Amino acid sequence: PPIEVLIRAGEEDVAREAPVVPVVPRDSIVGNLGTPDIDSRGVEAMRAAGAHIVISPRRQGELTTNCLWHDDANPSLDISPDGRMVCRAGCKPGGQPITWLRYVVRARGCSEAEAFQFARDVLGIPSPTPKPPGPDEMFRDIQRAVDDVRPESMFEHVEGEGISSPFVPLSRLEKKILNPQDRIFGDIITRGCVSVLAGQAGLGKSTLIRHIVAHVAGGTPYLGYEVPQAGANVVVIDFETPEIFRHSFWADIYGDEGIRHVENVFVATQTPPITLEAAPQLIRQLASVRADLVVIDTLSAAFLIQNENDNAELEGVARILRAIAKSGPAVLVIAHPSKGGSEVRGASALTGAVDTIVTFRTLTPLSDQGPDIETEFTLAVKKNRVGAMRHETLRWDGEGGFIAPQAPTPEELNHGERVVLAIVEGRRPSVTSQPDILRGAAYERVSNATAKRALRKLVDQGLVTRPAKGQYV
């Protein structure tokens with residue numbers, strides 16, 4: 001509507017009610033807390049809240065209304081065309097300028113959030129679409145899920161003089177050892193820890209995993225590794241095997257009849273990607289079946305990894321894996337190996353965050369028919385925070401599984417092998433370097449070449465472990 005003009009009536013100025021103030025520029029300080037759409041129509045919200053706004057008799061183009069912060073018989077709150085508000089009595093609530101938002105809060109006796117909603121309602125402005133939660137908020141959701149299923153605190157709190165501290169002096173630090181039931185597969189798959197198995201394609205990596213799962217669930221040792229005697233609940237989240245083949249995939253291990261009696265191996269019927277949004281629900285679902293071991297095959301498919309060399313992306317994946325492990329179960333993730341097959345492929349953020357790294361490979365080329373009983377495999381523990389690093393030799397058993405060759409007895413070792421083994425055993429539990437072994441063997445008239453051959457053979461037979469290059473125990 002057209003702006004009504006001021007009417008002179010004798011010596012008295014009579015102001016008629018004024019229409020809405022023109023649209024305010026988007027950089028206006030009127031609201032300072034709201035959206036430009038609301039800020040530009042703040043005067044409308046004030047009028048809806050009860051403000052009697054009229055054309056100012058003092059300045060052309062301005063409006064005026066009663067100030068709510070002092071007894072204002074004559075309107076003294078001036079509103080300029082750009083939306084600024086100034087009280088001629090000098091009112092500044094809280095030392096801040098008056099805005100439409102503060103005016104509505106004062107007029108209605110409500111909070112700022114309620115004032116915004118009131119303005120949206122009366123002006124017909126829809127509420128803004130909430131921003132999707134960022135990574136930090138999603139990780140907080142994951143942590144809440146972990147706390148729901150594992151409520152005990154990770155810190156022991158020391159009370160003193162009314163102050164609670166999350167730190168414990170060494171003198172009071174409780175010694176904790178792994179419970180045998182926490183050792184899911186020896187010391188390389190442990191409850192509460194994340195293990196990564198990297199293997200070359202076509203070697204039988206999936207077959208090895210199925211056998212490990214079957215023995216862990218059944219409570220029978222495998223390849224010399226102890227498992228919980230009472231068995232364990234295992235959840236397999238398989239992103240590689242098509243759904244139509246999953247039954248036959250496990251029937252190869254248990255048989256068509258035996259698979260009907262397996263109640264503690266769970267296979268995911270649906271395999272949505274494991275994302276920040278999906279992780280809290282997954283953690284609660286794992287807790288609902290009391291999972292002791294979670295197998296994820298494979299890392300890149302499960303987490304939709306775009307760039308395996310991106311440390312930031314792999315760090316986010318590692319945080320999800322750690323959260324799953326922290327909720328109780330052991331986590332075993334199948335990953336792709338590096339080009340040589342001796343390391344896990346991808347950025348170091350993942351390998352630095354996990355607890356155990358195991359590689360599975362063969363040093364001999366496979367035939368077109370795949371592995372046979374003559375094929376030797378190596379299962380190398382490259383990193384282990386809860387146990388020893390070692391190097392195992394496996395063979396194909398000819399029946400769809402693997403066997404660990406029987407270690408020879410001392411009587412079956414030659415002179416050089418017995419000498420080298422005695423040197424290493426004499427230094428245990430300390431690590432012995434290769435130069436020290438060679439010097440010790442030389443005193444027993446064993447040449448360097450013979451000692452090195454003996455050392456390699458003892459490592460392959462599992463009698464000696466190589467935790468790092470040039471070190472043996």
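Quick caveat: nothing in here was measured; it's all calculated off a predicted structure.
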message: Between Arg108 and Glu114, does the salt bridge (charged side-chain N to carboxylate O under 4.0 Å, His left out) criterion hold? Intermediate values first, please.
response: CA-CA 9 Å; Arg108 294 181 58 83; Glu114 292 170 334; over 6 Å; no
field: Intermediate values then yes/no, side-chain contact (heavy atoms from CB on, under 4.5 Å), Tyr103 and Thr65
entry: CA-CA 11 Å; Tyr103 193 97; Thr65 188; 3.9 Å; yes
task: For the pair Ile209 and Val295, evaluate side-chain contact (heavy atoms from CB on, under 4.5 Å) and give the outcome as yes or no after the intermediate values.
output: CA-CA 9 Å; Ile209 293 301; Val295 180; 3.9 Å; yes
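From His336, atom NE2 reaches atom CD1 of Ile334 across 10.5 Å, with rounding to the nearest 0.5 Å. One distance of note links CG of Leu293 with CZ of Arg191; it measures 9.5 Å at 0.5 Å rounding. Note that the CD atom of Glu308 and the CG atom of Leu299 stand 7.5 Å from one another [nearest 0.5 Å]. One distance of note links CD1 of Ile184 with NE2 of His215; it measures 15.5 Å at 0.5 Å rounding. For the atom pair CD1 of Ile142 and CD of Glu277, the computed distance is 9.0 Å after rounding to the nearest 0.5 Å. Going from atom CG of Leu350 over to atom CD1 of Ile305 covers 7.0 Å, rounded to the nearest 0.5 Å.
Side-chain contact between Cys87 and His70: present, with at least one pair of heavy atoms (C-beta onward) separated by less than 4.5 Å. Considering only heavy atoms from C-beta on, Ile237 comes within 4.5 Å of Leu282 through its side chain. Between Glu44 and Val122 the shortest side-chain heavy-atom distance does not fall below 4.5 Å. Annotation: side chain of Val43 is not in contact with side chain of Trp100 (no heavy-atom distance under 4.5 Å). Side chains of Pro75 and Asn66 form a contact here, defined as non-hydrogen atoms less than 4.5 Å apart.
In this structure, Lys382 contributes its side chain and Val344 its backbone to no donor-acceptor pair below 3.5 Å. Glu313 places a side-chain N or O within 3.5 Å of a backbone atom of Asn307 that can act as its donor or acceptor partner. No donor-acceptor distance shorter than 3.5 angstrom exists from the side chain of Asp78 to the backbone of Thr64, with no hydrogens or angles considered.
For Arg140 and Asp147, the salt-bridge test fails: no basic side-chain N is under 4.0 Å from an acidic carboxylate O.
Closest of all the heavy-atom pairs between Glu62 and Pro81 is CG-CD, 3.9 Å. Residue Ile259 comes nearest to Tyr254 through the heavy atom pair N-CB, 3.8 Å, listed as atom of the first residue, atom of the second, then distance.
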